[in-house]
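Excluded from the calculations below are hydrogen atoms, water molecules and symmetry mates; all remaining heavy atoms, backbone and side chain alike, are included.
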Amino acid sequence: MRIILITGISGSGKSVALRVLEDAGYFCVDNLPPTLLRELVATRVNEGIQMLAVATDARSADSLARLPSDIQQLKAQGHDVKVIFLTAQTEALIARFSETRRSHPLSHRLRPGQNPSDRLTLTECIINERELLVDIEGLGHIIDTSDLSTNKLRSWIKGLLDTEHAPLTLLFESFAFKQGVPLDADLVFDVRMLPNPHYDPILRPLNGRDQPVIDFLDELPLVAELLHDIAGFISKWLPSFKNDNRSYLTVAIGCTGGQHRSVYMVEHLAQHFETTEQVVRRHRQLS
């Protein structure tokens, strides 16, 4: 059976991801306590279900500790298990809860001896949830949804479905340093030292996939040298990441606005590696 486990911080988009999987033909179960995961898999296998998606979160905090061992047992049984961990910056989560006017799932949980009038604030709930999920955050692929629209998150989840059988997927993503370093990055490269096309009025409204910007950066020896060095670093250490049994390796390339230089570098690195590896491209600041 192909099993995708969706987990992560409340408000980071788990419901969106689960609906994408449902549309893709997966049998979906939301808010499943981890203690029931193996029983659910056994039941669905007997029913002939071949694709299963399960969402679980900190509401099942008491049983999250056994999740890593359950995943290993399912893999040992021959199941293809992938974990997607969704997260976001605290400021983005607060804005989302304020916009929807929904309470945080942990706001209704009381600690032993706690007075009902002393419930956690939203910020305290988010901090508490991060602490509860810290041990499972590294089980799979992390997606930082802080600056992602719903449509872009749907697109990214669909992209992962296309690569679910690859032993390791290289994800190259561009980002803007002024928006902060993405939480999902495994490797981060700063290309802000390169000449910036933004200062050319003709190139400013374009991005790193447009030919005039490509021509501008292609002519700079410094750009070619940096591309060569980054590609060489990744090539050298990629076998070690594969030996670490990773399913995904996210390489984030950042410039000031995430529009020109970082986009150009991601596109060229993806072209370089896609002949030998499973590659996915992402551009955080491009619509």
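Using a 4.5 Å heavy-atom threshold, the side chains of L249 and W237 count as separate. The closest side-chain heavy-atom distance from F216 to L206 is not below 4.5 Å. In this structure the side chain of R281 never reaches within 4.5 angstrom of the side chain of R209, judged on heavy atoms. Side-chain contact between H260 and H198: present, with at least one pair of heavy atoms (C-beta onward) separated by less than 4.5 Å. At a threshold of 4.5 Å between non-hydrogen side-chain atoms, the residues R19 and I157 do not count as touching. Within the 4.5 Å cutoff, no side-chain heavy atoms of L194 are placed close to those of L220. Annotation: side chain of L171 is not in contact with side chain of E173 (no heavy-atom distance under 4.5 Å). You'll find the side chain of D23 stays beyond 4.5 Å of the side chain of R154, heavy atoms only.
Considering V213, D210, I214 as possible partners of P197, the one that fulfils the side chain to side chain contact (heavy atoms under 4.5 Å, CB included) test is V213. With D147 as the fixed residue, the side-chain hydrogen bond (donor to acceptor under 3.5 Å, both in side chains) test singles out one of R284, Q89, Q179, K152: R284.
If you take CG on L37 and CD on Q73, they are separated by 10.5 Å, rounding to the nearest 0.5 Å. The CG atom of L160 sits 7.5 Å away from the OG1 atom of T169 when rounded to the nearest 0.5 Å. Taking CD1 of I253 as the reference point, atom CG of L269 lies at 5.5 Å (rounded to 0.5 Å). The CD1 atom of I143 lies 5.5 Å from the CG atom of L86; values are rounded to the nearest 0.5 Å. Remark: E91 CD to T123 OG1 distance equals 9.0 Å, nearest 0.5 Å. Atom CZ of F27 and atom CD of Q50 lie 14.0 Å apart (nearest 0.5 Å).
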Trace of the side-chain contact (heavy atoms from CB on, under 4.5 Å) decision for Y264 with S174: CA-CA 9 Å; Y264 170 95; S174 64; over 6 Å; no

Starting from the C-alpha separation in whole Å, work towards a yes-or-no answer on side-chain contact (heavy atoms from CB on, under 4.5 Å) for I230 and H268. CA-CA 11 Å; I230 294 176; H268 281 67; over 6 Å; no

Assess the residue pair L238 and L170 against the criterion (side-chain contact (heavy atoms from CB on, under 4.5 Å)); give the C-alpha distance rounded to whole Å, side-chain angles, the decisive distance to 0.1 Å, and a yes or no. CA-CA 9 Å; L238 190 56; L170 263 176; 4.1 Å; yes

Test log, rule side-chain hydrogen bond (donor to acceptor under 3.5 Å, both in side chains), inputs T250 and R282: CA-CA 10 Å; T250 302; R282 294 173 173 173; 5.1 Å; no

Derivation of the side-chain contact (heavy atoms from CB on, under 4.5 Å) call for R66 and R38: CA-CA 11 Å; R66 62 175 291 174; R38 284 191 291 162; 2.9 Å; yes

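Cluster annotation: M193 and L227 are assigned to the same hydrophobic cluster (Ile/Leu/Val/Met/Phe/Trp/Tyr, side-chain heavy-atom contacts under 4.5 Å, transitive). Note on L217: it clusters hydrophobically with M265, by side-chain heavy-atom contacts below 4.5 Å among ILVMFWY residues. Cluster annotation: V191 is connected to L222 through the hydrophobic network of ILVMFWY side chains, with a link wherever side-chain heavy atoms come within less than 4.5 Å. Hydrophobic clustering keeps L148 apart from V263 (ILVMFWY residues linked when any side-chain heavy atoms are closer than 4.5 Å, directly or through intermediates). If you chain together hydrophobic residues whose side chains sit under 4.5 Å apart, I136 and V29 fall into the same group.
Taking every heavy atom of both residues into account, A53 and L21 meet most closely at CB-CD1, 3.6 Å. Pairing each heavy atom of P34 with each of D70, the nearest pair is O-OD2, 3.5 Å. Between D215 and E219, the closest heavy-atom pair is O-CG, 3.2 Å. The two atoms that bring I142 and L183 nearest to each other are CG2-O, 4.3 Å, heavy atoms only. Residues L133 and D57 approach most closely at CD2-C, 4.5 Å, considering heavy atoms. Pairing each heavy atom of Q285 with each of G258, the nearest pair is CB-O, 3.6 Å.
Between F233 and F189, the angle of the ring planes goes over 60°, which puts this pair in the perpendicular group of the 30/60° scheme.
A donor-acceptor pair under 3.5 Å links the side-chain atoms of N46 to the main chain of A42, judged by distance alone. Under the 3.5 Å distance criterion, the side-chain polar atoms of T145 are matched with a main-chain donor or acceptor of S12. Between the H104 side chain and the L122 main chain, no donor and acceptor come within less than 3.5 Å of each other. A side-chain donor-acceptor contact under 3.5 Å links D184 to the backbone of D144. A donor-acceptor contact shorter than 3.5 Å links the side chain of T56 to the backbone of L32.
When hydrophobic residues (I, L, V, M, F, W, Y) are linked wherever their side-chain heavy atoms come within less than 4.5 Å, the members clustered with F177 are F175, V181, V188.
With 3.5 Å as the limit, one finds no donor-acceptor pair spanning the side chains of S149 and N151. R261 and T256 share a side-chain donor-acceptor pair at under 3.5 Å. If you check the side chains of E129 and S10, you find a donor sitting under 3.5 Å from an acceptor.
Around atom CZ of R204, more than 12 heavy atoms belonging to other residues, nucleotides or ligands sit under 6.0 Å away. Other residues, nucleotides and ligands contribute over 12 non-hydrogen atoms within 6.0 Å of the CD atom of E124.
Using a 4.0 Å cut-off between charged nitrogen and carboxylate oxygen, E99 and R96 do not count as a salt-bridge pair.
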